[in-house]
Protein chains: 2
Amino acid sequence: MKTTFGEYIRQLRTDKGFTLTELAALLKLDSANLSKIETGKREFDEKRLERLANAFNLDIEELKTEYFADQFAKKIYQYNCSTETLIVAEEKVNYLKSRNVKQDEIKF
Amino acid sequence: MKTTFGEYIRQLRTDKGFTLTELAALLKLDSANLSKIETGKREFDEKRLERLANAFNLDIEELKTEYFADQFAKKIYQYNCSTETLIVAEEKVNYLKSRNVKQDEIKF
DNA sequence: GTAATTTTGTCATTGATTGACAAGTATAAA
DNA sequence: TTTATACTTGTCAATCAATGACAAAATTAC
């Protein structure tokens, strides 16, 4: 899945034959704003991921992957970050996880 | 470099023997707020990356890598994102780049 | 002790995001 | 070409989060 998150939503929506108004109602937002989201002029709000998953019977974890990957990609593209950035990010995730394990150990 | 961005700044600062007040002045922020940044209670503002690079004679690209990797890692950790997320992000970066190349081709 | 440094708490200001709605364009069917 | 439906764009007030600023507490070094 190489599309942006907006294109991804549009794909899902049109595949199911929904109009903007119909999907917007399910997501509790304005159809005009959903249009902007699909065309990349606004961001999709993380709070609505679950409603989106329900609307299309999607696995919430897959959706989260698409959503956050999209955010990271946009930042990297926008700021012209080095290719290393994502590798370093992974190291830092592991660091945060290991650090928290240690904190837990201390706590109890 | 597996530390958080805050820990990284603190490392740089103490290595050079700067006080919070001294570095804060170079970065044009309050020493109390720099303390919060170093201890992870606030975020470092992207606008100040260049000043930080100057303060310690660092390569701005390396600094950007640290900075954005830190942001991504925190999000992934916070939202418990799948390990795939960063891989998908890389694909999306490539997608955005290729898409823009195409746009350029159309434009001119 | 006290002086310097660092941390924590608070809050008004600022800035960005969002919801909402109006007005526009595009598409399709009669 | 009219009408209906779907989509897009522009705008702006309201809302929310991030920031700067400063006071005061805690920690560290002398």
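Convention: sequence-line order gives letters A, B, ...; per-chain numbering from 1.
Contact check, B/S35 against C/dT6: no side-chain N or O comes under 4.0 Å of OP1 or OP2. Taking side-chain N and O atoms only, B/R10 has no distance below 4.0 Å to OP1 or OP2 of C/dT5.
In this structure, the CG atom of A/L23 is 13 Å from the P atom of D/dT8, given to the nearest Å. In this structure, A/D30 atom CG and D/dT8 atom P are separated by 13 Å, rounded to whole Å. Across the protein-nucleic acid pair, A/K47 atom NZ and C/dT18 atom C1' stand 8 Å apart, rounded to whole Å. Separating the CZ atom of A/R48 from the C1' atom of C/dT17 is a distance of 11 Å, rounded to the nearest angstrom. Counting to the nearest Å, the P atom of C/dT17 and the CZ atom of A/F44 are 17 Å from each other. The NZ-C1' distance, from A/K74 to C/dT17, rounds to 14 Å in whole Å. Look at CG on A/L20: it is 14 Å from C1' on C/dT27, rounded to the nearest Å. In this structure, the CZ atom of A/F18 is 12 Å from the P atom of D/dC7, given to the nearest Å.
Under the 4.5 Å side-chain criterion, counting only non-hydrogen atoms from C-beta, A/F56 is in contact with A/L23. Using a 4.5 Å cut-off on side-chain heavy atoms (C-beta onward), B/L26 and B/F18 make contact.
Heavy-atom distances to DNA chain D give each of B/A32 and B/E43 a nearest nucleotide, and the one nearer the 5′ end belongs to B/E43. For B/R13 and B/N33, each mapped to the nucleotide of DNA chain C holding its nearest heavy atom, the one lying further toward the 5' end belongs to B/R13.
Defined by atom type and a distance below 3.5 Å, a donor-acceptor pair is present between the side-chain atoms of B/D15 and B/Q11.
Crowding of A/E50 atom CD: a count of heavy atoms from other residues, nucleotides or ligands under 6.0 Å not exceeding 12. Heavy atoms from other residues, nucleotides or ligands lying under 6.0 Å from CD of B/E84 number 12 at most.
One axis for each end of the helix from C/dG1-D/dC30 to C/dA30-D/dT1, each built from five base pairs, and the angle between them comes to 40° at 10° resolution.
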Return the polar atom pairs (N/O with N/O) between nucleotides 11-15 of chain C and the protein under 3.5 Å, or none.
none

- Message: Under the criterion side chain to side chain donor-acceptor pair (under 3.5 Å), I'd like the reasoning laid out for B/E7 against A/Y95: C-alpha separation, chi angles, the key distance, then a yes or no.
- Response: CA-CA 12 Å; B/E7 290 167 351; A/Y95 173 66; 2.8 Å; yes
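Within 4.0 Å of A/K36, counting heavy atoms only, lies at least one base atom of the nucleic acid. Across all strands, B/T19 comes closer than 4.0 Å only to sugar-phosphate atoms, never to a base (heavy-atom distances).
Remark: A/K75 does not engage B/E46 in a salt bridge, criterion side-chain N to carboxylate O under 4.0 Å. One finds no salt bridge joining A/R13 and A/E22 here, because no Lys/Arg side-chain nitrogen approaches an Asp/Glu carboxylate oxygen to under 4.0 Å. A salt bridge links B/E61 to B/K64: at least one charged side-chain nitrogen sits closer than 4.0 Å to a carboxylate oxygen.
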